[in-house]
*Asks:* 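What follows is a single structure, and I will ask about it in a moment.
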Amino acid sequence: MFVRVVCKSRVSRLLSLGLILFFCACDQSAESRSSAGVQFENVEVDVSSRDGGPWGKAAGDLDDDQLIDLIVGRHDDRTLTVYYGADWRKEVISSGAAFGTDIELSDVDNDGLMDIVTITDEQLLWYQAPEWLPHVIDDRTLHDIELGDLNGNGRIDVIGRNQNAFGGTEESVFIYLQQSPGNWQEESVEVGPGEGLAVGDINGDTKLDIVVNGVWFENRGHGIWTSNEYGASWKWPNTVVALGDLNGDAYRDILLVPSELEGQHHRVSWFENPLGSEGPWTEHTIIPDVEAVIHSAAIGDVDLDGDNDVFLAEMHQGQNPDLVAVYLNHNAGNHWEALEIDRNGSHGAFLVDVDIDGDLDIFGANWGGDSQNIELWLNQSCPKYKESWVRHVIDEDRPGPEAPFVGVADIDNDGRPDILTGGFWYKNQHYGRSDWTRNQFGPDQPDFVTTMDLGRDGKIDVLVLVDSGEQREFRWLINNGSGEFLPKDTEIKASGDFLQGVTTLPGTDQRWVIALSWHSPGIGVELIQQSGLDGGDWMLSKISGISQDEALSRGDIDGDGDVDLLLGTIWLRNDGKSWMDIEIDGNTSPPDRNVLADINGDGELDAVVGFEAISKVGDLVWYRGPGKSAQEWSKTLIGRVVGPMSVGVDDIDGDGDMDVVVGEHNLDHPSESALWYFENLDGVGMKWLQHLVYRGDEHHDGAVVVDIDDDGDLDIVSIGWGHSRVLLYENRNPRCP
């Protein structure tokens, strides 16, 4: 690997564009700078000369080592090559085909491994991991491809378009719907001449739409695509199309960039989404005049200031210099600051967090010319994640039997969250890092169940299970505000061996309702309902004979104003009077943990489910919820780990979307058991990157996500079944300005 330092000043021809430019002087610091604090370091992964023709590029974790790999398809020397991160070891995985301009990665066959979809001069192919067996999707020449689940059946579809600038005559977008693994149904949509293609939800209905130059096609379902003009003033046919929210209103806007031909000129503009309505789109010009040789365009938050910026790169055949540049977004897309990264150009370059340090880097290469080096520009705005999770043992040997739950609540009203599990609560004395004090709930070894402010007096009370002779029963521990408790019996007996699911529901007249799911089969879902307001007078009832004997999650799944219950792959629909069990997925192994959360950012609840797999590999998936539209649930694989039986969901990396934490229940090999978090890379739950938090602790019903040390990031509290440790994993991932 050869590292070359880049530090460039702004070029004079950009001064005519009306952009505010900042200059940097070259020094020996190995960085390119702007006054905004954005810094890039150039890394040449593979130095070549005039050979090869690296047309296609992609990046992703192909070998499941939690590192980003680089994929290059060369047209001239007809090879498909992987550079494995982070030492960029080179491996040719296929040869003999003239690879084209686009490569995409996804789990095509739903086996948990990342596959490669690409084009050659004559075919659309996908390469099946891990042997990289090629499969032909179609014998057709294409220029642009995108992947996505267009019909909500949980399988990846392929969308493709050719170009017309060099003799192509097709004026359609071709859609390949995957009916079953490797079985593709072809459809097409007429779009007119040109090049450029993007796929994303434009109108906020959760369906993926198709966007080309000047027109977007609404996905109405059942193969119906409705044409909508958004760029009446945009007449340039050959474009790069990129999607992203540029004004902060949570709707995807459209970026158009002229891509062909050299010597011709047009503008770079973004089109403001009218909030998903049929209203007019507003064009905003970023660069009023530019040579039409920009074949790289992307939208992302490069400077980590909370809004999305624009990345562009010119191809080598344009008038020199050939800029690689970022346009920093100010004032909701109304003002742009140009930051030059390089002057040697790039083709098919894009933004990706290559070094997994929380900021966006650039990956690209010229498709021809004197320099066809495989290059990275590493964003130095944010320190790299290194030893970013610190493990703390809160209790090395908690007394008592196995604990089914761990919770977090401020028991002593000191403003710091404490930890509750088994028969104890642990006082958080110094915001989570040390000196946790174990406090016993009572002498009869009660077992922590859940917390709530029973008397609505600002003091957190605790529900426990205690042994009362022949059978265990529920008891309330009424908190005096400092962590000392007055016990109150409920006279409600335990129905099963131990609890697996518990959640609170809204009741009437300020009375509490608690839903229960037992490990024992055949009990169903029960409710404990409060009839008095003094902590006593509780009633037990059954709302469903159906229970999957595991976790419970609450939320308004169907958007009707009532709180529903998720059991795993079944949910109980609450109509205000009764509960109806509805199957989500009947073709799975038994589910274990589940969480309701908005994974794809559409404002509706989805289901994250980890399946029962003790000491063996199991699936971690999410199901897109039906919402008010009452659509069917659709499944997407997040990843496969050993025993995904501890699950938490929250925004771990602080980028505004939901990530997933999972702890492994590996009783056979506890020293190999790991705690992971899966980063929601694209914000809509279709691309996930797996990060190791810690290896060496077995987990069961743990992985609670909470900011335990009040430092603005999310930490993880967990327990296991095969050990008696109480554990905290402190998040020291940097929050960059």
Side-chain angles (χ1 to χ4, degrees), residues 2-15 17 19 21-24 26 30-34 36-48 54-59 70 72 101 240 242 244 255 257-260 262 268 286-287 289-303 308-329 336-355 359-381:
F2 175 73
V3 177
R4 175 169 61 86
V5 174
V6 175
C7 183
K8 307 280 182 160
S9 63
R10 304 299 175 271
V11 297
S12 60
R13 72 186 179 97
L14 278 179
L15 292 174
L17 305 183
L19 303 174
L21 307 175
F22 292 89
F23 291 80
C24 72
C26 287
E31 294 167 345
S32 116
R33 290 183 171 85
S34 87
V38 185
Q39 307 171 5
F40 284 87
E41 175 187 331
N42 180 244
V43 175
E44 292 182 338
V45 175
D46 191 356
V47 178
S48 58
W55 286 20
K57 297 104 186 165
L70 308 178
V72 176
T101 52
V240 178
L255 174 71
V257 178
S259 58
E260 309 287 358
E262 62 183 283
V268 173
I286 299 176
I287 307 176
D289 180 67
V290 69
E291 188 176 3
V293 290
I294 301 175
H295 224 276
S296 305
I299 295 173
D301 186 5
V302 176
D303 57 0
N308 282 322
D309 310 300
V310 168
F311 161 70
L312 304 173
E314 296 178 314
M315 293 185 287
H316 69 277
Q317 68 263 38
Q319 178 186 357
N320 290 332
D322 302 313
L323 290 185
V324 177
V326 172
Y327 296 84
L328 302 177
N329 183 355
W336 299 88
E337 173 194 338
L339 169 64
E340 176 197 322
I341 309 300
D342 206 314
R343 294 187 178 186
N344 292 320
S346 197
H347 166 271
F350 54 89
L351 298 173
V352 58
D353 187 3
V354 172
D355 48 7
D359 53 31
L360 292 171
D361 312 301
I362 302 166
F363 168 43
N366 284 316
W367 65 268
D370 294 335
S371 174
Q372 300 174 30
N373 300 332
I374 308 304
E375 295 187 272
L376 296 172
W377 292 269
L378 298 179
N379 189 343
Q380 303 299 304
S381 300

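Numbers here simply count residues along the sequence, with the first being 1.
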*Asks:* Check whether Glu291 reaches the backbone of Gln319 with its side chain - one donor and one acceptor, N or O, closer than 3.5 Å.
*Replies:*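 Yes; at least one donor-acceptor contact below 3.5 Å.
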*Asks:* With a 4.5 Å limit on heavy-atom distance, are the side chains of Thr101 and His347 in contact?
*Replies:*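 They are in contact (side-chain heavy atoms under 4.5 Å apart), so the answer is yes.
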*Asks:* Could you check whether any side-chain N or O of Lys57 sits under 3.5 Å from a backbone N or O of Ala365, counting only pairs where one atom can act as donor and the other as acceptor?
*Replies:*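 It does hold such a pair.
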*Asks:* Which residues pass the salt bridge (Lys or Arg N to Asp or Glu O under 4.0 Å) test with Asp301, sequence neighbours left out?
*Replies:*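 With sequence neighbours excluded, Asp301 shows a salt bridge (Lys or Arg N to Asp or Glu O under 4.0 Å) to no residue whatsoever.
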*Asks:* Of all the heavy-atom pairs spanning Ser381 and Gln39, show the shortest one and how long it is.
*Replies:*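 What the structure gives for the nearest pair is OG-N, 3.9 Å.
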*Asks:* Checking Asp46 against Asn373 for the side-chain contact (heavy atoms from CB on, under 4.5 Å) test, could you report, in this order, the C-alpha distance in whole Å, the side-chain angles of both residues, the deciding distance, and whether it holds?
*Replies:* CA-CA 6 Å; Asp46 191 356; Asn373 300 332; over 6 Å; no
*Asks:* Side chains of Leu351 and Asp361: does their closest heavy-atom pair fall under 4.5 Å?
*Replies:*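 Leu351 vs Asp361: side chains apart.
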*Asks:* Is it true that Asp342 and Trp377 share a donor-acceptor pair across their side chains at a distance under 3.5 Å?
*Replies:*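 Per modelled atom types, Trp377 and Asp342 side chains form a pair under 3.5 Å.
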*Asks:* At their closest point, which heavy atom of Val268 faces which heavy atom of Leu255, and how far apart are they?
*Replies:*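 Closest heavy-atom pair between Val268 and Leu255: CG1-CD1, 4.0 Å.
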*Asks:* Less than 6.0 angstrom separating the ring centers of Trp367 and His316, yes or no?
*Replies:*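 For Trp367 and His316, the ring centres are under 6.0 Å apart.
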*Asks:* Using the rule side chain to side chain contact (heavy atoms under 4.5 Å, CB included), only one of Ile362, Val302, Asp353 pairs with Asn379; which is it?
*Replies:*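 It is Val302, the one option of Ile362, Val302, Asp353 that forms the side chain to side chain contact (heavy atoms under 4.5 Å, CB included) with Asn379.
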*Asks:* Side-chain contact, heavy-atom cut-off 4.5 Å: Val290 with Pro258?
*Replies:*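 In contact.
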